[in-house]
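Okay, structure first, notes after.
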Amino acid sequence: MTTTRAVVDLDLPGARISRHLYGHFAEHLGRCIYGGFWVGEDSPIPNVRGIRTDVVEALRALQIPNLRWPGGCFADEYHWRDGVGPRDQRPTMVNTHWGNVVEDNSFGTHEFLDLCELLGADPYISGNVGSGSVREMREWVDYLTGVGDSPMTNLRRANGRDEPWRIPFWGVGNESWGCGGNMRAEAYADLARQYATYCRDHGDNKLYRVAAGANSDDYAWTETLMRTIGGCGKGPLQAISLHYYTIAGDWENKGHATDFSLDEYYATLAKAGKIDELLRRHSTVMDMFDPCGKVGLVLDEWGTWWNVAEGTNPGFLYQQNTIRDALVASLHFDTFHRHAARLTMANIAQTVNVLQAMILTDPATGALVRTPTYHVFEMNTGHHDADSLAVHLLDAPSRDGLGLVSASASTKDDTALISLSNLDAEESQSVILDLRGRQMSGHTARILSAKTPQAHNDPANPDAVVPQTFLDITPHPAGLALELPPHSYVTVSLSLS
């Protein structure tokens, strides 16, 4: 068995890793909002003004930086006025995208922003381009952030909020190439400029306007969008988005969340690894029109997407979450860190009870379960707003083009955090951390692993997969030597002198 040497120059910091790369997503979809975040003020489940207390506490431990809402596809059929004012007077609608269930609008603008304040997270609101109007979006911005005496600020005050909110992030539509309008790139690009122009800054609130960008490898969409909106800070938009989901099979049969073969395991991680190519190539297109790097790239939907759990509503997208999902997350984060100069924000889909969730809540018992993916987020909080460090992997093994060791690192003050993933499902991997440029005065390490890649947490065994102290790490003349178990994720925290 070969030994991988991971060379880290601790004295050569690179681009800052924005904490917003660890963002989240909450759509009116399945049990993400209702039964996830929102249980109502009369619920026996402990809550604050209807917002579930244990969910908030669990997410605060992740230092959740931002939360995207109300969609997703739902955003382009959502009309914000339906979700303000007295709850018993709000109109209902049918959520035609996700299960044809009745949406009673009891969770609207004020409830979402109350949630963000409880979480300590910045709001990222997706505006309605697909079925809305320029006026509707402009008035939502005015309602949220407007100052002085105007129809929208007066309406906000009448609904109980005197001071404007701080809204940093604003999405100008969602998936406009698909569920957000089935538009051509040229048509959407012109609309994006128009809508963004009327989404104005008020007072000291500066909007970071995100255009609805490409699906996966649609580089032509990115080129058209960048050609139209312009670069170097001269246009009305500050970023464009990108969506990419990881599946084992195809869109008709995406694969089972917990019952998968070794071939499916490796196929999944190979698909996840494609995110590096996507970020690199979309960034290259952006460089042609924005050589000064002023326009950000926002991966505001990413994660695994499996066939829905048996016996659940197909429109609710409920799935379990295993060690395999955790390694998909760790592989993405390593890639995000390498692209931190252009990638300004990312949002996993989704936070509670939908797709690659952080948290699963059991409707029968009320139990809350933290998933393996949740623990990867928690173990990586040290990377938030730290300076990236390049990691050079020498003699790393591979399988059919998939590197079996993944790594990234960052530094902040007199500390460093190194993340290491062994993607080999069956074999341990020996790794030497070759630490250069600064002296290490101490270290600690943690590991997330289990007996099988299919291992997961559920209400009966909520701690089947949780981080543990990692002991198989020893001093080495170059730095540290580690033996990574199969399908494992390890973080090493360094004290530097």
Side-chain angles (χ1 to χ4, degrees), residues 26-29 33 67-87 89-98 103-113 116 123-161 164-183 187-203 205-213 229 236-239 241 300:
E27 185 168 4
H28 286 245
L29 195 174
I33 300 297
L67 186 62
R68 182 175 181 242
W69 173 85
C73 291
F74 182 79
D76 281 295
E77 63 179 23
Y78 182 70
H79 300 283
W80 69 269
R81 286 176 180 264
D82 294 344
V84 298
R87 290 193 199 107
Q89 298 177 26
R90 297 178 188 177
T92 61
M93 63 177 287
V94 176
N95 189 337
T96 56
H97 278 296
W98 304 120
E103 164 65 57
D104 69 3
N105 284 303
S106 57
F107 188 93
T109 295
H110 288 250
E111 290 77 16
F112 169 66
L113 293 170
C116 288
Y124 176 17
I125 292 179
S126 294
N128 183 343
V129 171
S131 68
S133 67
V134 174
R135 177 175 179 174
E136 180 182 20
M137 190 180 293
R138 186 206 72 203
E139 289 184 339
W140 200 7
V141 173
D142 294 349
Y143 182 90
L144 293 165
T145 65
V147 297
D149 186 5
S150 74
M152 290 301 104
T153 57
N154 290 336
L155 178 61
R156 184 187 71 224
R157 294 184 183 109
N159 288 330
R161 175 79 180 196
W165 285 283
R166 180 179 173 273
I167 309 294
F169 305 114
W170 193 268
V172 184
N174 168 76
E175 294 191 358
S176 298
W177 39 263
C179 65
N182 283 309
M183 301 180 201
Y188 170 72
D190 285 336
L191 279 180
R193 287 181 62 94
Q194 179 186 8
Y195 274 69
T197 298
Y198 287 93
C199 295
R200 296 195 171 102
D201 296 334
H202 295 291
N205 188 82
K206 305 298 181 185
L207 291 176
Y208 189 80
R209 302 164 187 85
V210 183
I229 68 173
L237 290 135
Q238 287 70 52
S241 68
D300 56 16

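Below, all heavy atoms of this structure are taken into account, side chains as well, without hydrogens, waters or symmetry copies.
Of the inter-residue distances, the one linking Met152 atom CE with Asp142 atom CG reads 7.5 Å to the nearest 0.5 angstrom. For the atom pair Glu139 CD and Leu144 CG, the distance stands at 12.0 Å (nearest 0.5 Å). Annotation: the span from Trp170 atom CH2 to Asn205 atom CG amounts to 10.0 Å, rounded to 0.5 Å. Annotation: the span from Trp177 atom CH2 to Met183 atom CE amounts to 12.5 Å, rounded to 0.5 Å.
Ring-plane geometry between Phe74 and His28 is classed as parallel, the angle between the planes falling under 30 degrees on a 0 to 90 degree scale with a further cut at 60.
A salt bridge does not link Glu27 with Arg68: none of the charged nitrogens is closer than 4.0 Å to a carboxylate oxygen. A salt bridge links Glu111 with Arg87: the closest approach of a Lys/Arg side-chain nitrogen to an acidic carboxylate oxygen falls below 4.0 angstrom.
A donor-acceptor contact closer than 3.5 angstrom is absent between the side chains of Thr109 and Trp165.
Evaluation of the salt bridge (Lys or Arg N to Asp or Glu O under 4.0 Å) rule for Asp76 yields no partner, not counting sequence neighbours. In this structure, His97 has no side-chain hydrogen bond (donor to acceptor under 3.5 Å, both in side chains) partners at least two apart in sequence or on a different chain.
Shortest non-hydrogen contact noted between Glu77 and Thr96 is OE1-OG1, 3.0 Å.
Note that Arg138 lies outside the cation-pi zone of Tyr198, set by a 6.0 Å cut-off to the ring centre and a 45° limit from the axis.
Side-chain contact check for Val210 versus Ser126: every heavy-atom pair is 4.5 Å or farther apart.
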